[in-house]
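Residue numbers begin at 1 in each chain, while the letters A, B, ... track the order of the sequences.
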Amino acid sequence: MSSIDLNPPRGMRDFLPKDWVFREKLMQVFNDVSKTNGFLHYETPVVDSYELFERKAGEEISDQLYDFTDKSNRHISLRAELTPSMVRLYAKNKESLPFPAKLYSIGQCFRYERATKGRKREHYQWNLDILGENNISAEAWILSTAIQVMNKLGLNENDFQIHVSNRALLSDFLLSIGIEKERHSELMIIIDKKDKIPAEVMKEMMEEIKIFSSQIEKIIEFLDKKTLEEIRPFVQKDSLALQELEHLFAAAKALNIAPYLRIDTSIIRGLSYYTGIVFEAFDTNKEFRAIFGGGRYNSLFDRMTGKDIPACGLGFGDVVIEELIASKFGRTETFPGIQVILGQFEDALQGKALHLSAEFTKNDISSDMLLCSLPPKKFFTQANKRGAKFAAYLAPEEAKENTFVLKNMESGEQKILPLEDISSILDFIKA
RNA sequence: GCGAAUAUAGCUCAGUUGGUUAGAGCGCUGGUUUGUGGUACCAGAUGUCGUGAGUUCGAAUCUCAUUAUUCGCCCCA
């Protein structure tokens, strides 16, 4: 018989139980923090129509969609992100959902591209969105929620920083130095690379697209500004974009998250649907890719559904945060422990062991069982390897008295207890 | 899509100019202890050397193809 390739498909991951421990905790934190901040959970399919994900604005993201034709010749794609499906869901069900609404979801997303550090062909992403709210405190609320997640994972303002900008601000500035709107896109692609390439190379790239050197000087100067006060002279006095950033920082101060935020006018967020404030979180040393990112996308609903709903949101993937946490705390290498493991010396005693496990279940004690009979040495070795806190062993001598051995695997303390005396059993386990 | 590196035991990795029977540590199995795990000591098994072809008297080692992984570029929700 020919054997199959045991590797998962390119860029996809298998998770061993020990690998999943972290992800399970991460998702638990995502869920808990979303709920305690008023976000409602929704789910959408892993596949959706190709049309939903396709970008019409000349972007070539469509090439990276994992798409196929189904048996009825429908053009289907695995989701590359959660936002389009969420937009579809909200536009369809708006009347039965709150308005404005806070929504969240955690889902596996796929993209067909070369895997690199921090990017696979598949990842889990947490999405937070606030829909129907123009007030900039929505952005602050989302950032605060994400920061709570980071704090629960043991990371604080010394570990990461959120770089904040406003696309409209950059746009206003470029207009003010005489660069017309049609040229902003190609220029923003260059500005987005600011931290990746040397300043000289960036200048050359700008020269290539016919930006005057006097303009380049001003752009570089603008990109170096780190505070709102420094930016003020570069834009008009009544700049709405600047007011939005002021509003965000005021709200951040009130939410006690100001230490996490910094102005970084080079943040662009690709060429996607963002219209206003944009942000990306980086580890302090900028060793890794962005941990999470997002911003305001006020025209996406209108473009996709014809319904004019302002929105802002955030996407937070599992890959970079795992790398960051592994570098700070190391990787988890253990199984999650079970409270009690049961076993028996011979098959005749298995009924009693099974019955005892049912008692544990009834009392909310997690239990595992070695289903084949084992001599004590092997049983306790197995109990130890599986990380059980207690081991319950049914052996002939005790069974004659209708008792069994219950051992604390950490302290080594051991008791012979009657099988029916549930309260004593629970006392020993809970002590 | 482009470029580079890597692939040897369950895991992390050695393996000389191509040369006899393929190595270590961890883990695994057994024993010291036939009713008690972790520590220690002793012993044992690890395997299609990623896959397929080629060169050669002889290939883990050289060549080509192929698959996967990692890093960089392109791109980026």
Side-chain angles (χ1 to χ4, degrees), chain A residues 2-14 16 18-19 52-55 59-66 77-87 107-127 129 188-189 192-193 196-197 268-274 278 280 289-290 292-295 297 300 313-317 319-320 323 331 333 341 343-346 370 373-399 404-416:
Chain A
S2 67
S3 59
I4 55 165
D5 184 354
L6 300 179
N7 293 306
R10 166 159 262 187
M12 306 286 179
R13 300 171 289 175
D14 282 333
L16 295 177
K18 71 179 172 63
D19 301 327
L52 186 71
F53 299 110
E54 191 185 16
R55 298 287 167 71
E59 293 173 57
E60 294 180 1
I61 293 174
S62 308
D63 293 342
Q64 296 189 352
L65 290 175
Y66 239 117
S77 176
L78 297 183
R79 61 187 175 199
E81 50 174 333
L82 298 176
T83 308
S85 303
M86 182 277 298
V87 166
Q108 201 173 15
C109 299
F110 303 83
R111 74 187 99 216
Y112 196 87
E113 67 167 356
R114 203 67 152 183
T116 57
K117 190 175 176 57
R119 281 173 100 77
K120 315 275 179 198
R121 283 189 174 179
E122 151 277 316
H123 72 152
Y124 288 87
Q125 192 178 73
W126 174 47
N127 261 45
D129 292 281
M188 282 185 183
I189 291 174
D192 193 35
K193 295 182 198 302
K196 291 183 191 166
I197 59 176
I268 307 285
R269 297 291 295 155
L271 269 181
S272 47
Y273 34 67
Y274 295 102
V278 285
E280 285 182 356
R289 284 172 178 272
F292 60 80
Y297 51 100
L300 184 66
L314 163 148
F316 189 138
V319 179
V320 175
E323 288 173 349
R331 288 183 190 276
E333 291 290 347
I341 190 158
Q344 74 279 339
F345 179 78
E346 57 195 2
L370 296 175
S373 298
L374 290 173
K377 188 185 178 73
K378 290 196 177 173
F379 169 72
F380 285 104
T381 303
Q382 284 292 323
N384 186 55
K385 270 186 212 161
R386 289 165 196 245
K389 295 182 183 67
F390 289 85
Y393 187 59
L394 282 284
E397 204 171 296
E398 289 81 12
F404 74 106
V405 176
L406 185 58
K407 180 168 184 173
N408 181 326
M409 295 301 285
E410 280 160 30
S411 68
E413 189 190 353
Q414 166 175 318
K415 278 189 174 179
I416 313 279

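Taking every heavy atom of both residues into account, Leu82(A) and Gln125(A) meet most closely at CD1-O, 3.5 Å. Of all heavy-atom pairs spanning Arg269(A) and Asp192(A), the tightest one is N-OD1, 4.3 Å.
Taking atom C1' in both G58(B) and C13(B), the straight-line distance is 27 Å, to the nearest Å. Taking atom C1' on both C28(B) and U46(B), the two are 9 Å apart, rounded to the nearest angstrom. Distance noted for atom C1' between A24(B) and G38(B): 25 Å (whole Å). Rounded to whole Å, the separation between the P atoms of A5(B) and C75(B) comes to 24 Å. Using C1' as the reference atom, C49(B) and U21(B) are 15 Å apart when rounded to the nearest Å. Nucleotides G44(B) and A4(B) have their P atoms positioned 46 Å apart, rounded to a whole Å. Of the P atoms belonging to U29(B) and G47(B), the separation is 15 Å, rounded to the nearest Å. Comparing U63(B) with U17(B), their P atoms sit 14 Å apart, to the nearest whole Å.
The CZ-P distance, from Phe404(A) to U36(B), rounds to 19 Å in whole Å. When the C1' atom of C76(B) is taken as reference, atom OH of Tyr112(A) falls 17 Å away, rounded to whole Å. Atoms CZ (Arg119(A)) and P (C75(B)) sit 12 Å apart, rounded to a whole Å. Spacing between atom CD of Gln382(A) and atom P of G30(B) amounts to 9 Å, rounded to whole angstrom units. Distance, Asp192(A) CG to C74(B) P: 11 Å, rounded to whole Å. Nucleotide G37(B) holds its P atom 17 Å from the CG atom of Leu406(A), rounded to whole Å. Counting to the nearest Å, the P atom of G30(B) and the CG atom of Leu374(A) are 10 Å from each other. To the nearest angstrom, P of C76(B) lies 12 Å from CD of Glu280(A).
Residues Asp129(A) and Thr83(A) have side chains that never bring a donor and an acceptor to within less than 3.5 angstrom of each other. Gln108(A) and Glu122(A) share a side-chain donor-acceptor pair at under 3.5 Å. Side-chain N/O atoms of Glu346(A) and Ser373(A) include no donor and acceptor closer than 3.5 Å.
In this structure, Arg121(A) contributes its side chain and Glu113(A) its backbone to a donor-acceptor pair below 3.5 Å. Side chain of Arg289(A) to backbone of Arg119(A): no donor-acceptor contact under 3.5 angstrom is found.
With salt bridges taken as basic N to acidic carboxylate O contacts below 4.0 Å, none links Glu410(A) and Lys389(A).
The cationic group of Arg79(A) does not satisfy the cation-pi geometry with Phe53(A), failing either the under 6.0 Å distance to the six-membered ring centre or the 45° limit from the ring axis. For Lys407(A) and Phe380(A), the positive end sits near the middle of the six-membered ring, less than 6.0 Å away and at most 45° from its axis.
Counting any heavy atom pair closer than 4.0 Å across all strands shown, Gln125(A) reaches no nucleic acid atom. Among the atoms of the strands shown, none is found under 4.0 Å from any heavy atom of Ala383(A). Within 4.0 Å (heavy atoms only), Lys378(A) reaches sugar-phosphate atoms of the nucleic acid but no base atom. Here Arg289(A) lies in heavy-atom contact (under 4.0 Å) with a base. Across all strands shown, Gly412(A) has heavy atoms under 4.0 Å from base atoms, whether or not it also approaches the sugar-phosphate. Counting any heavy atom pair closer than 4.0 Å across all strands shown, Thr381(A) reaches sugar-phosphate atoms only and no base atom.
In the interface, the side chain of Asn384(A) is not paired with the base of G38(B) through any donor and acceptor atom under 3.5 Å apart. You won't find any donor-acceptor pair under 3.5 Å spanning the side chain of Lys377(A) and the base of U36(B), going by distance alone. Glu410(A) contributes no side-chain N or O that forms a donor-acceptor pair with the base of G37(B) under 3.5 Å.
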Spell out protein contact along nucleotides 65-73 of chain B as letters: B when the base is contacted, S when just the sugar-phosphate is, - when no protein heavy atom is under 4.0 Å; keep the 5' to 3' order. --SSBSSS-
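In this pair, Phe316(A) and Phe292(A) present their aromatic rings parallel. The plane angle is below 30°, not in the 30 to 60° band.
Comparing C75(B), U29(B), U36(B) by their nearest atom to the side chain of Glu113(A) picks out C75(B). For Lys385(A), the listed nucleotide lying nearest its side chain is C28(B); candidates were C28(B), G37(B), G35(B). Listed candidates were C28(B), G35(B), G37(B). Nearest to the side chain of Phe380(A) is G37(B). For Lys193(A), whose side chain is taken as the heavy atoms from C-beta onward, the closest listed nucleotide among C75(B), G35(B), G37(B) is C75(B). Comparing G35(B), U36(B), C75(B) by their nearest atom to the side chain of Lys407(A) picks out U36(B).
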Might you work through the side-chain contact (heavy atoms from CB on, under 4.5 Å) test for Tyr393(A) and Phe404(A), ending with a clear yes or no? CA-CA 6 Å; Tyr393(A) 187 59; Phe404(A) 74 106; over 6 Å; no
Dot-bracket summary - RNA chain B, pairs being Watson-Crick or G-U whose distances fall under 3.5 Å, with | when paired to another strand: (((((((..((((.....[...)))).(((((.......))))).....(((((..]....))))))))))))....
